[in-house]
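Each remark here refers to the structure printed beneath this line.
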Amino acid sequence: MAIERYNARVAERKWQAAWNGASVFATRNDDPRPKYYVLEMFPYPSGRIHMGHVRNYTMGDVVARYKRARGFSVLHPMGWDAFGLPAENAAIQNKVHPAKWTYENIATMRAQLKSMGLSLDWDREVATCSPDYYRHQQKLFIDFHNAGLVYRRKSKVNWDPVDHTVLANEQVIDGRGWRSGAVVEQRELEQWNFRITAYSEDLLTALDTLDRWPDKVRLMQRNWIGKSEGLKVRFEFESRPPSNEATIEIFTTRPDTLFGASFLALSPDHPIAVAEAAKDPALAQFRDRCRQMGTSAAVLETAEKEGYDTGLTVKHPFIAGKTLRVFVANFILMDYGTGAIFGCPAHDQRDLDFARKYGLEVTPVVLPTGADPASFDVGDVAYTDDGTLYHSDFLDGLTIDAAKQEVARRMESHQVDGAPQAARQVNYRLRDWLISRQRYWGCPIPMIHCAECGVVPVPVEDLPVKLPDDATFDRPGNPLAYHPTWKHVACPSCGKAATRETDTMDTFVDSSWYFARFTDPWNEGLPTTRSAVDSWLPVTQYIGGIEHAILHLLYSRFFIRAMKATGHVAIDEPFAGLFTQGMVVHETYKDASGHWQAPADVLIEDIGGERRARLKADGAPLTIGSIEKMSKSKKNVVDPDEIIANWGADTARWFMLSDSPPDRDVIWTEAGVEGAHRFVQRVWRLVGETAELISGATAPALAAKLSPTAGALRKAVHKTLAAVEDDIERLAFNRAVARIYELVNTVARLLVETNVAADATLKGALGEAFDVLLQLIQPMMPHLAEECWATLGRHGMLAQTHWPAYDPALIVDDEITLPVQVNGRKRGEVTVARAAGEAEVKAAALALDAVRMALDGKSPKKVIVVPQRIINVVA
RNA sequence: GCGGGCGUGGUGAAACUGGUAGACGCGCUGGACUCAAAAUCCAGUUCCGAAAGGAGUGUCGGUUCGAUUCCGACCGCCCGCACCA
């Protein structure tokens, strides 16, 4: 009987409709079963989904379907990170309103995601650009404001001259805007900030509780927060400067090296530097030069340390009569520590470079262990390792740590100009989160500026502050600011004419709480419903790209803390489990004139074992380039729509899971897709060939005494079941796939080699094998699994079926085969009873020909028997 | 510069806490079926060697009965941060 090929196009549409019709994936908040919240990072509606989405959402869907089958009430929602610049750029370039552009993209991408057969609860869909969503974000903003977590301040900002907007520090990469790539300029503007630094310490220490996060991400966040403990030290001026300060305060993490101090350096933006510059034109000039210097990594690396001697001097705190010159230096940052340092050239490379350039004294004060104090000297490399203090008076002989303590102790109790000379200080690299954006397509900041009352929050009953529909995009700058009427309102406090805040929020705000909104997106009155949000959060398993290791994940952690402080949630952390998946990469192809060519237009041939590429259209030879992340610029993209149309969603899903470990990059290849599709057809064919044979033969036959073949099959089936469970729990999808291949190979071989019809117990075992196999495949290839399930005449939909339990008795063997090594090299193997004692195992091993030959009549020095594992004979 | 990670066949990769290196996939080779092709099925496929045997997880050393796994040095690649005092 010929079996028709599996028609993915027809079957996938059919089952998607069937799941939808039965609302299989709609999740109820009042479901009493244990909850499991699996979430993939929601997409930006850029136009079409790409292969990265396919990989991300396939992984999440495997987890969702598996956990559902395991009896959990699974929340698996989807939404749209829908505000942002591309919509506004489209408005400028194509004269289409950002809302229209965005919602059309959403419609396209929703259809694409649905064609993948994802088990999503679409009833909970949210789009961050909808007033139904952002009204609640405005409420959160006001609550944060009232709790002191939002403030406005004039600050030097990173200004993107192409996008005409302010960027957060995190959005400046190598001195360029993260989206536009334009060199960022410095400007002073009144900006709204979230006080993320209020949680610096908590965000840092709580990383230790996130034991289901990758170490790498936790380390990145730890470094980003950048805690350092040190001392703020006040140096007394020898002579008061014209600005009339008595002291300069510096920050140091190395107070132990104070006896090696040879100068002080101030940031060009330090108040004293500014004040001095007002009277010293040369210093003013120097400051201008510093400001013009770029901030890109390339510039900084090559930039020389430069300083300007202010002529001011300060007293050394411990060495009577010693004075230090005060420089303004280009390498001192104003926004870290106090914007001033003391330089100890012997033990800091930058200070050393500076000292050598300006002929300043270099006195080593830390002696490496074992070095000779008489001869130890620092050349052009500062000594920054451990050692013992010397040349340091009362610190001599102390360790670095002890010296730090001693200096702090003495200075804390010593008064200078009416205050302690030093105070212990913890510094963080983390800065507050600047959220003001001068753009239209974002969540309006719900504040009103009144000449009388100052800055007043919009009353909650007036929310949302909606974006005007009739904005225009024909000139640069913020469309909200030059809209003729939108910003003019009455002050909520005094009723007089006032203006709205025209800044909108950074889109990272939108994505900082969407996972909470999913728990009850129907609540019109409040951002969250406490009973829902507290029972669903934290997200059990969050899956997304490593590129969000800092920004999105740190902001979300801050947001949950702020939402807790304002009574919107009870939890401490948003994501209990985090998984960062690798990228989808592809070969690149270039034609003779250096233009990139798309994989769809390329023909790959194997000529004499060498892969060659030609253009499909005219056969022109192409160069095969390196494997890189799929990107439009290199044209090495594969369109998910085409793959799904040609091969089916299940083939795409299976390939995404099978080839590489999920946290590593996966190389998309045509051959790999063909292989995946071959497997789809193979399963279908096996089911088709066997359906009639095993119909009606299941459990009853198993009760009888099994034939050896049937018994062996059952063992294989249950072992695979146990192993795949374990693999999916660890998100080791590639291993699960390999085990499923093995099981299918076993079944296929059995069908070829055995007359199944003659063995009733084997029919039963085979029936069970297919039931289990389809269940194992279901999370990964749900349509195929359903179609096969129906073909076998099983009842109901697989998507609603409970996961089978493996029989623990079947996954252990009565007899085991142990490798036998001689001197650590395998020489043979012995098969013994599982329960065999050490003596018996040893005897069996020594009886092996290979072992006897190796021993050559002598008795072994030692025989190591590792139970259930291995025997090693030491000759 | 600082911090972290990774180097396994032709190739994507397996090998849980030290215990049979290369499971599974791709590719390739041979065979069956076919007038032929596609599809499918069977067999083989780390390297050297006809075989017996030997070598082998970036390189060199160490610990161990036993090392892809642990330790040290080096080489190469990747990622994050970066004048953070």
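Side chains included, hydrogens not; waters and symmetry mates left out as well; all remaining heavy atoms used. Proteins get letters first, then strands, A, B, ... in listed order; numbering begins at 1 in each.
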Taking only the [atom1] atom of each, what is the distance from [N] to [M] in whole angstrom?
N: B:G30; M: B:C65; atom1: C1'; answer: 43 Å
N: B:G31; M: B:C6; atom1: P; answer: 45 Å
N: B:A67; M: B:G19; atom1: C1'; answer: 10 Å
N: B:A82; M: B:G3; atom1: C1'; answer: 10 Å
N: B:G22; M: B:G56; atom1: C1'; answer: 11 Å
N: B:A85; M: B:U69; atom1: C1'; answer: 41 Å

Mind checking side-chain hydrogen bond (donor to acceptor under 3.5 Å, both in side chains) for A:Ser631 and listing every partner two or more places apart, or none if nothing turns up?
-> A:Ser633
Report the base-pairing partner of [N] (Watson-Crick or G-U wobble, both distances below 3.5 angstrom), or none.
N: B:A85; result: none
N: B:G25; result: B:U11
N: B:G53; result: B:C48
N: B:C70; result: B:G62
N: B:C6; result: B:G76
N: B:A32; result: B:U40

Pick base, sugar-phosphate or nothing for [X], based on heavy-atom distances below 4.0 Å to the nucleic acid.
X: A:Leu333; value: base
X: A:Asn872; value: base
X: A:Glu742; value: sugar-phosphate
X: A:Asp726; value: nothing
X: A:Ile332; value: base
X: A:Thr669; value: nothing
X: A:Thr252; value: sugar-phosphate
X: A:Val874; value: sugar-phosphate

Does a side-chain N or O of [X] approach OP1 or OP2 of [N] to a distance below 4.0 Å, or not?
X: A:Asn734; N: B:G12; value: no
X: A:Arg664; N: B:C6; value: no
X: A:Tyr741; N: B:G25; value: no
X: A:Arg678; N: B:G27; value: yes
X: A:Asn745; N: B:G25; value: yes
X: A:Arg429; N: B:A85; value: no
X: A:Arg222; N: B:G4; value: no

For nucleotides 56-62 of chain B, list the nitrogen or oxygen atoms of the protein found under 3.5 Å from its nitrogen or oxygen atoms, one pair per line.
{"unit_1": "B:G56", "atom_1": "N7", "unit_2": "A:Arg825", "atom_2": "NH2", "d": "3.4"}

Is A:Arg218 reaching over with its side chain to a backbone N or O of A:Leu210, donor-acceptor style, under 3.5 angstrom?
-> yes
Taking the minimum atom-to-atom distance to the side chain of [X], which one of [options] wins?
X: A:Gln821; options: B:A21, B:A23, B:A85; value: B:A21
X: A:Arg682; options: B:C26, B:G19, B:C41; value: B:C41
X: A:Ile550; options: B:C83, B:G19, B:G80; value: B:G80
X: A:Pro661; options: B:A85, B:A14, B:G19; value: B:A14
X: A:Asn330; options: B:C83, B:G25, B:A14; value: B:C83
X: A:Ser660; options: B:G19, B:A23, B:G12; value: B:G12

If the plane angle is over 60° it's perpendicular, under 30° parallel, otherwise tilted; pick one for A:Tyr358 and A:Phe327.
-> tilted
What orientation do A:His347 and A:Tyr383 show, parallel under 30°, tilted 30 to 60°, or perpendicular over 60°?
-> perpendicular
Is it the case that more than 12 heavy atoms not belonging to A:Tyr806 sit under 6.0 Å from its OH atom?
-> no
Count the heavy atoms of every other residue, nucleotide or ligand shown that sit under 6.0 Å from CG of A:Asp208, and state whether that count exceeds 12.
-> yes
Any donor-acceptor N or O pair under 3.5 Å, side chains A:Ser228, A:Tyr336 = yes
Quick one: do the A:Gln581 and A:Arg664 side chains pair a donor with an acceptor below 3.5 Å?
-> no
Base B:C65 paired with A:Lys861 side chain (donor-acceptor, <3.5 Å) = no
Stepwise side chain to side chain contact (heavy atoms under 4.5 Å, CB included) check, A:Ile248 with A:Val314 = CA-CA 8 Å; A:Ile248 303 182; A:Val314 295; 4.2 Å; yes
Classified by glycosidic angle (syn within 90° of 0, else anti), B:G9 comes out syn
Would you mind telling me which residue lines up with the more 5' stretch of RNA chain B, A:Lys862 or A:Glu829, judged by nearest nucleotide?
-> A:Glu829
Sorted by position of nearest nucleotide on RNA chain B, 5' first, the leading residue of A:Asp665 and A:Arg350 is A:Asp665
Checking salt bridge (charged side-chain N to carboxylate O under 4.0 Å, His left out) for the pair A:Arg834/A:Asp813: CA distance, chi angles, key distance, verdict?
-> CA-CA 7 Å; A:Arg834 185 183 165 72; A:Asp813 293 313; over 6 Å; no
When the distance from NZ of A:Lys826 to P of B:G18 is rounded to whole Å, what number comes out?
-> 22 Å
side-chain hydrogen bond (donor to acceptor under 3.5 Å, both in side chains) evaluation trace for A:Asn745 with A:Arg682 = CA-CA 10 Å; A:Asn745 288 345; A:Arg682 188 162 186 234; 2.7 Å; yes
